[in-house]
Enquirer: 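Handing you a structure now.
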Amino acid sequence: MYDLVAEGAAPGDRWRKRIPENTEVTLGRQSPPWDTPWDSQISRRHATLTLSGGRLQVRRIDSARNPVFFRGHEAGEFSVGPNEKFVIGRTAFWMVPNHAAVTLDAPVPVHMRSFSDEYLRKINYRDVRGRLEILGELPNLIAGAGTEVQLYDALARLILRGVLRAQTAAIVAVPESNQMAGAIEVIHWDSRRDLAGGFQPSEKLIRQAISNDETVLHVWRDTAVGESLYTMQQNADWAFVCPLVGSATRRQAIYVSGQSATPESVENDDQ
């Protein structure tokens, strides 16, 4: 499986989407769900994409105004391999392997907390106005999502905007009928940076949160010992899992991980 990552000039101008096999999709400024509304140099319908045999075939649509660049040269039709990119306007597009699987190799947390819904409702958050503005986008986000894939993609990007220290956001699920190791599914994930070895959320953390039906936080960095290989590869020394409520999302959860500002701040409960 492969994803296409789009990255524009501004920090919020990006998305990550799963590329369907042997299905032609259209990339453009106004071509949902493969749209790039932030870049005026990309035409409404700019290129077609088809993934086959581990290669992404890209063809510029004749009516597109601006060229497509691949390996530094203008190209009308070309084949993109894993971890290669092409550029349209001010936006770069990467085809990257979708390596995401839960792991039991996450370190034993040095700090762990559980938060009930009742407790979270009473918290006085910092930057209330900014958070309310982001939450205010949820109704339009839900209404504008034509498919679950679009909804998960928009939700992950919204979380990354709202949780400033977050590096990765994901939606995960534990099937009701299968409690065996490895049964957890990473439905969708996005990250601000490439992760060495792919995305590896903590299985113990996910199962603990869903089993207890509470938001659970794990902190892995031990300031006396230093970072582990896991925390370095995942760009994260903390993660929390928030179970989703409702019959349609039963046993699903939001997984968020990130890097603390300083080794000391990660131990601060209020932070």
Side-chain angles (χ1 to χ4, degrees), residues 1-7 11-12 14-18 82-83 94-115 152-153 155-174 181-211 215-244 252-269 271:
M1 294 186 295
Y2 293 92
D3 291 349
L4 187 69
V5 176
E7 202 163 275
R14 86 181 293 282
W15 46 245
R16 180 188 188 111
K17 301 180 189 293
R18 185 79 52 84
N83 299 311
W94 281 270
M95 187 179 86
V96 297
N98 186 302
H99 292 155
V102 297
T103 181
L104 289 169
D105 291 335
V108 175
V110 297
H111 183 69
M112 181 175 66
R113 285 196 67 183
S114 296
F115 306 90
Y152 292 142
D153 172 62
L155 179 58
R157 285 186 284 131
L158 192 76
I159 292 168
L160 289 175
R161 285 175 52 205
V163 186
L164 299 181
R165 299 301 307 178
Q167 291 290 339
T168 306
I171 294 88
V172 298
V174 178
I184 296 175
E185 178 188 4
V186 179
I187 299 175
H188 182 83
W189 67 283
D190 199 355
S191 183
R192 300 186 198 273
R193 298 164 59 184
D194 289 337
L195 302 179
F199 177 46
Q200 300 178 42
S202 167
E203 180 173 340
K204 293 177 182 177
L205 173 56
I206 295 169
R207 292 192 185 280
Q208 181 182 354
I210 290 184
S211 297
T215 297
V216 178
L217 166 73
H218 279 189
V219 175
W220 292 299
R221 174 183 286 174
D222 186 342
T223 55
V225 177
E227 292 182 324
S228 69
L229 179 62
Y230 176 84
T231 59
M232 288 189 291
Q233 288 181 336
Q234 296 297 300
N235 294 323
D237 53 25
W238 59 262
F240 67 79
V241 172
C242 176
L244 297 173
Q252 293 186 7
I254 293 172
Y255 186 107
V256 182
S257 62
Q259 195 81 28
S260 55
T262 64
E264 293 76 21
S265 67
V266 78
E267 299 297 335
N268 185 323
D269 287 352
Q271 178 75 7

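Heavy atoms only: backbone and side chains are in, while hydrogens, waters and symmetry mates are out.
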Enquirer: Could you report the tightest heavy-atom contact between Phe115 and Leu217, atom names first, then the distance?
Expert: CE1-CB, 3.8 Å
Enquirer: Suppose we screen for ring-ring contact (aromatic ring centres under 6.0 Å, His included). Which residues come up paired with Tyr230, at least two apart in sequence or across chains?
Expert: Trp220
Enquirer: Quick one: does Glu7's side chain get under 4.5 Å of Trp94's, heavy atoms only?
Expert: yes
Enquirer: For Gln252 and Ala173, work out which heavy atoms get closest and say how close.
Expert: CG-CB, 3.8 Å
Enquirer: For the side-chain contact (heavy atoms from CB on, under 4.5 Å) test, which of Cys242, Pro243, Ser211, Ser114 pairs with Val216?
Expert: Ser114
Enquirer: Are Val186 and Tyr255 side-chain neighbours, meaning at least one heavy-atom pair lies under 4.5 Å?
Expert: no
Enquirer: Side chains of Val256 and Trp238: does their closest heavy-atom pair fall under 4.5 Å?
Expert: yes
Enquirer: Any sub-3.5 Å donor-acceptor pair from Gln167's side-chain atoms to Gln259's backbone N or O?
Expert: no
Enquirer: Contact between Pro82 and Met95 at the side-chain level, heavy atoms closer than 4.5 Å - yes or no?
Expert: yes
Enquirer: With heavy-atom distances below 4.5 Å as the criterion, would you say the side chains of Gln200 and Asp105 are in contact?
Expert: no
Enquirer: Using the test side-chain hydrogen bond (donor to acceptor under 3.5 Å, both in side chains), find all partners of Thr168 that sit at least two apart in sequence or belong to another chain.
Expert: Ser191
Enquirer: Taking all non-hydrogen atoms of both residues, which atom of His188 and which atom of Ala156 are closest, and how far apart?
Expert: CD2-CB, 3.9 Å
Enquirer: Taking all non-hydrogen atoms of both residues, which atom of Asp237 and which atom of Thr231 are closest, and how far apart?
Expert: CA-CG2, 4.2 Å
Enquirer: Could you pull out all residues at least two apart from Asp153 that satisfy side-chain hydrogen bond (donor to acceptor under 3.5 Å, both in side chains)?
Expert: Lys17, Arg157
Enquirer: Quick check: closest heavy atoms across Ser257 and Ala236, and the distance to 0.1 Å?
Expert: CB-CB, 3.8 Å
Enquirer: Drop me the distance from His218's NE2 to Arg113's CZ, to the nearest 0.5 angstrom.
Expert: 13.0 Å
Enquirer: Roughly how far, to the nearest 0.5 Å, is CG of Leu104 from CD of Glu203?
Expert: 4.0 Å
Enquirer: Under a 3.5 Å distance rule, please check whether Gln234 uses its side chain to pair with a backbone N or O of Gly198 as donor and acceptor.
Expert: yes
Enquirer: Going by heavy atoms in the side chains, are Arg16 and Trp189 under 4.5 Å from each other?
Expert: yes
Enquirer: Could you give the distance from CG (Asp3) to CG (Asn98), rounded to the nearest 0.5 Å?
Expert: 4.0 Å
Enquirer: With a 3.5 Å distance limit and no angle check, can you tell me whether Arg14 reaches the backbone of Val5 through a side-chain donor-acceptor pair?
Expert: no
Enquirer: Which value, rounded to the nearest 0.5 Å, describes the distance between Ile187 atom CD1 and Leu155 atom CG?
Expert: 10.5 Å
Enquirer: First locate atom OG1 of Thr103, then atom CZ of Phe199, and finally report the distance between them rounded to the nearest 0.5 Å.
Expert: 11.0 Å
Enquirer: When rounded to the nearest 0.5 angstrom, what distance separates CD1 in Ile254 from CD1 in Ile206?
Expert: 12.5 Å
